[in-house]
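One structure is given below, encoded as structure tokens.
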Amino acid sequence: MKVIVNIQLKNGVLDPQGKAVHHALASLKFNEVNEVRIGKQIILDIAESDKASAEKRVTVMCEELLANTVIEDYTIEFPAC
């Protein structure tokens with residue numbers, strides 16, 4: 001089963017990479033961009049057929065390793081096959 005974890009900095013946490021990309025876009029005349037926030041996406045292929053069980057396991061993975069929950073939020077998605 002494929003599982004997608006999207007991780008982003010929480011609102012209010014400084015995002016220097018996002019600021020740098022925003023500045024670079026503006027210097028290239030992409031002035032319509034108001035803000036850039038950089039996150040990461042982790043795609044897992046796990047040996048689980050039950051969606052609820054998979055979500056519980058991936059939540060534990062996020063809490064223990066994948067996300068820094070002090071400064072990051074995460075979402076778990078199950079893409080259509």
Side-chain angles (χ1 to χ4, degrees):
M1 171 182 292
K2 296 272 187 205
V3 182
I4 298 173
V5 179
N6 291 301
I7 300 171
Q8 293 190 327
L9 291 170
K10 291 182 176 180
N11 287 334
V13 175
L14 183 64
D15 182 356
Q17 189 178 12
K19 292 284 186 198
V21 170
H22 183 243
H23 179 74
L25 288 170
S27 70
L28 294 170
K29 309 295 184 205
F30 293 107
N31 297 316
E32 68 272 29
V33 179
N34 293 322
E35 183 180 19
V36 177
R37 300 286 287 177
I38 303 293
K40 58 188 169 188
Q41 183 177 75
I42 301 170
I43 301 171
L44 304 169
D45 185 1
I46 63 173
E48 180 63 64
S49 59
D50 181 66
K51 186 176 174 180
S53 295
E55 186 168 5
K56 286 180 185 176
R57 294 294 291 161
V58 173
T59 297
V60 173
M61 291 176 202
C62 289
E63 296 289 327
E64 293 187 4
L65 177 69
L66 301 177
N68 178 349
T69 57
V70 174
I71 61 170
E72 296 174 324
D73 289 323
Y74 65 88
T75 59
I76 298 170
E77 299 175 20
F78 297 89
C81 297

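No hydrogens, no waters, no symmetry mates; every other heavy atom, side chains included, goes into these values. Not measured: the values here are computed from a predicted model.
- In terms of the side-chain contact (heavy atoms from CB on, under 4.5 Å) criterion, residue partners of Glu72 (sequence neighbours excluded) are, by chain and number, Ile7, Leu9, Lys40, Ala67, Asn68.
- The CG atom of Leu66 sits 9.0 Å away from the CD1 atom of Ile76 when rounded to the nearest 0.5 Å.
- With sequence neighbours left out, the side-chain contact (heavy atoms from CB on, under 4.5 Å) criterion links Val36 to Val21, His22, Leu25, Val33, Ile38.
- Looking at heavy atoms from C-beta onward, Leu44 lies in side-chain contact with Met61 at the 4.5 angstrom threshold.
- Of all heavy-atom pairs between Phe78 and Lys2, the closest is CD2-O, 4.0 Å.
- Nearest heavy-atom pair, Cys62 versus Thr69, reported as atom, atom and distance to 0.1 Å: O-CG2, 4.5 Å.
- Take Asp50 and apply the salt bridge (Lys or Arg N to Asp or Glu O under 4.0 Å) test, not counting sequence neighbours, and it matches no residue.
- Residues Ile43 make up the rest of the hydrophobic cluster containing Ile4, defined by ILVMFWY side-chain heavy atoms closer than 4.5 Å, directly or through other members.
- Screening residues 13-38 for salt bridge (Lys or Arg N to Asp or Glu O under 4.0 Å) gives no qualifying pairs among residues at least two apart or on separate chains.
- For residues 3-13, the pairs satisfying side-chain hydrogen bond (donor to acceptor under 3.5 Å, both in side chains) are Asn6-Gln41, Asn6-Glu77, with sequence neighbours left out.
- Between Met1 and Ser49, the closest heavy-atom pair is CE-O, 3.4 Å.
- Under the side-chain hydrogen bond (donor to acceptor under 3.5 Å, both in side chains) criterion, Glu63 pairs with Tyr74, not counting sequence neighbours.
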